[in-house]
Protein chains: 2
Amino acid sequence: MRAWIGYRRMRLLLDLQLQRDLMSQSGLSEPDYDVLSNLSEAEGRKKRLSELAAHMRWSKSRLSHHLARMEQRGLVERHECPGDARGSMVVLTDEGWEAIVEAAPGHVASVRRHMIDLLTDDELDALADLSHRIVEHLSGQLPTS
Amino acid sequence: MRAWIGYRRMRLLLDLQLQRDLMSQSGLSEPDYDVLSNLSEAEGRKKRLSELAAHMRWSKSRLSHHLARMEQRGLVERHECPGDARGSMVVLTDEGWEAIVEAAPGHVASVRRHMIDLLTDDELDALADLSHRIVEHLSGQLPTS
DNA sequence: CTACGGTTGATGACATGTCAACAAACGGTC
DNA sequence: GACCGTTTGTTGACATGTCATCAACCGTAG
């Protein structure tokens with residue numbers, strides 16, 4: 001029970017803090033950051049919408065809505081998908097690239113300050129292990145979507 | 001980094017799973033459950049709105065909106081607050097009490113199944129300790145609100 | 001070629017959360 | 001008692017996420 005209560009409260013406060021740091025430093029929300037980060041690591045800074053959604057474990061609907069908003073801000077673009085007229089390619093714009101490049105160091109520092117630096121090496125190992133186990137467990141029984 | 005990535009993914013999947021279990025078993029969302037749970041433990045099954053908000057670390061606005069929705073479903077009621085004509089007392093209705101009593105066992109079982117039972121005693125201790133330390137750290141630098 | 005079931009992504013309605021502005025009431029001071 | 005800064009809770013506008021639905025497109029079977 002201690003572990004559960006602690007986890008809940010940590011999750012609440014940590015998210016709040018990171019969200020605020022990120023927003024104040026770069027004007028990006030965490031979902032924005034995740035999308036940009038994923039795209040920036042992709043081949044050619046672009047990715048098929050459904051692949052992106054699957055990798056992030058977002059619904060296509062959510063991603064589509066979010067991209068619409070990011071598109072309006074000039075961070076990404078939708079291009080036609082060669083070989084599949086249904087699909088769309090999500091492309092990182094130069095502006096989006098700059099945004100993630102500027103935001104990343106601050107975000108990483110923020111994560112270190114509020115989490116990583118507070119834990120011992122043993123604790124980090126334990127956390128990595130246990131979260132990996134839980135993720136494995138849950139991945140097995142998620143909807144195939 | 002492993003710890004960070006793992007934590008992120010665990011958080012995403014675990015929330016999804018628990019949310020779905022809870023919703024399908026009892027028709028309550030996690031925020032609903034948290035509100036009801038808090039109220040059910042309170043003196044006389046009622047609590048001042050701002051106290052409730054502070055204890056849950058929700059904004060008063062969020063709580064007010066959420067209560068409006070829960071009130072429409074008959075789970076809670078707003079009463080006048082004796083001694084402070086501004087305030088409002090949030091009161092658990094009988095219906096709300098039944099809802100939380102029925103939902104609790106399933107939710108606890110769900111938490112055990114997807115998290116607690118997957119971890120060793122050492123890991124649970126470690127998680128409790130590290131989350132407590134992070135919460136302490138973050139509590140120190142939160143807005144006074 | 002045509003038909004058919006499955007996939008892809010967009011969309012509208014709606015639930016939820018954030019933020020800023022507000023009115024009412026409080027409490028201490030003069 | 002009138003004043004004034006603070007606290008309380010509500011509200012509206014808006015950002016975000018979910019769900020069901022849809023049209024267009026794919027691939028395959030006949």
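Since this is a predicted model, take the numbers as computed values, not measurements. Residue numbers begin at 1 in each chain, while the letters A, B, ... track the order of the sequences.
The nearest whole Å value for the distance from the CD atom in E30(B) to the P atom in dT16(C) is 12 Å. A straight line from CG of L63(A) to C1' of dT8(C) spans 12 Å, rounded to a whole angstrom. Between the CG atom of L52(B) and the C1' atom of dT7(D) there is a distance of 17 Å, given to the nearest Å. Summarising the geometry, the separation between CZ on R62(B) and C1' on dA20(C) is reported as 18 Å, rounded to the nearest angstrom. Separating the CZ atom of R48(A) from the C1' atom of dC26(D) is a distance of 10 Å, rounded to the nearest angstrom. Put simply, CD on E80(A) is 16 Å from P on dA24(D), counting in whole angstrom units. Summarising the geometry, the separation between CE on M89(B) and P on dT10(D) is reported as 13 Å, rounded to the nearest angstrom. Between the CD atom of E71(A) and the C1' atom of dA10(C) there is a distance of 12 Å, rounded to whole Å.
At most 12 non-hydrogen atoms from other residues, nucleotides or ligands lie less than 6.0 angstrom from CZ of R112(A). Counting non-hydrogen atoms of neighbouring residues, nucleotides and ligands closer than 6.0 angstrom, the NE2 atom of H79(B) exceeds 12 such neighbours.
A perpendicular orientation is assigned to the rings of H66(A) and W58(A), their planes being inclined by more than 60° (bins at 30° and 60°). Aromatic ring pairs are classed by plane angle as parallel below 30°, tilted from 30° to 60° and perpendicular above 60°; the pair H114(B) and H137(A) is tilted.
Using a 4.0 Å cut-off, no side-chain N or O of R78(A) falls inside it from OP1 or OP2 of dG9(C). Contact between the side-chain N/O atoms of S64(A) and the OP1/OP2 oxygens of dA10(C) is found at a separation under 4.0 Å. For dA15(C), neither phosphate oxygen OP1 nor OP2 lies less than 4.0 angstrom from any side-chain nitrogen or oxygen of R69(B).
Closest approach to the A85(B) side chain among dA10(C), dT16(D), dA25(C) is made by dA25(C) (side chain taken as heavy atoms from C-beta onward). Between dG17(D), dG9(C), dT8(D), one nucleotide has an atom nearer to the side chain of L49(A) than all others, and that is dG9(C). Counting only heavy atoms from C-beta on, H65(A) has its side chain closest to dT11(C) among dG17(D), dT11(C), dA25(C).
Under 3.5 Å, the side chain of S61(B) and the base of dT11(D) form at least one donor-acceptor pair of N or O atoms.
Panel note: side chain T93(A), backbone G74(A); a donor-acceptor pair is recorded below 3.5 Å.
Both S59(A) and K60(B) lie near DNA chain D, and the one whose nearest nucleotide falls closer to the 5' end is K60(B). Mapping M23(A) and S50(B) onto DNA chain D via the closest heavy atom, the residue that lands nearer the 5' end is S50(B).
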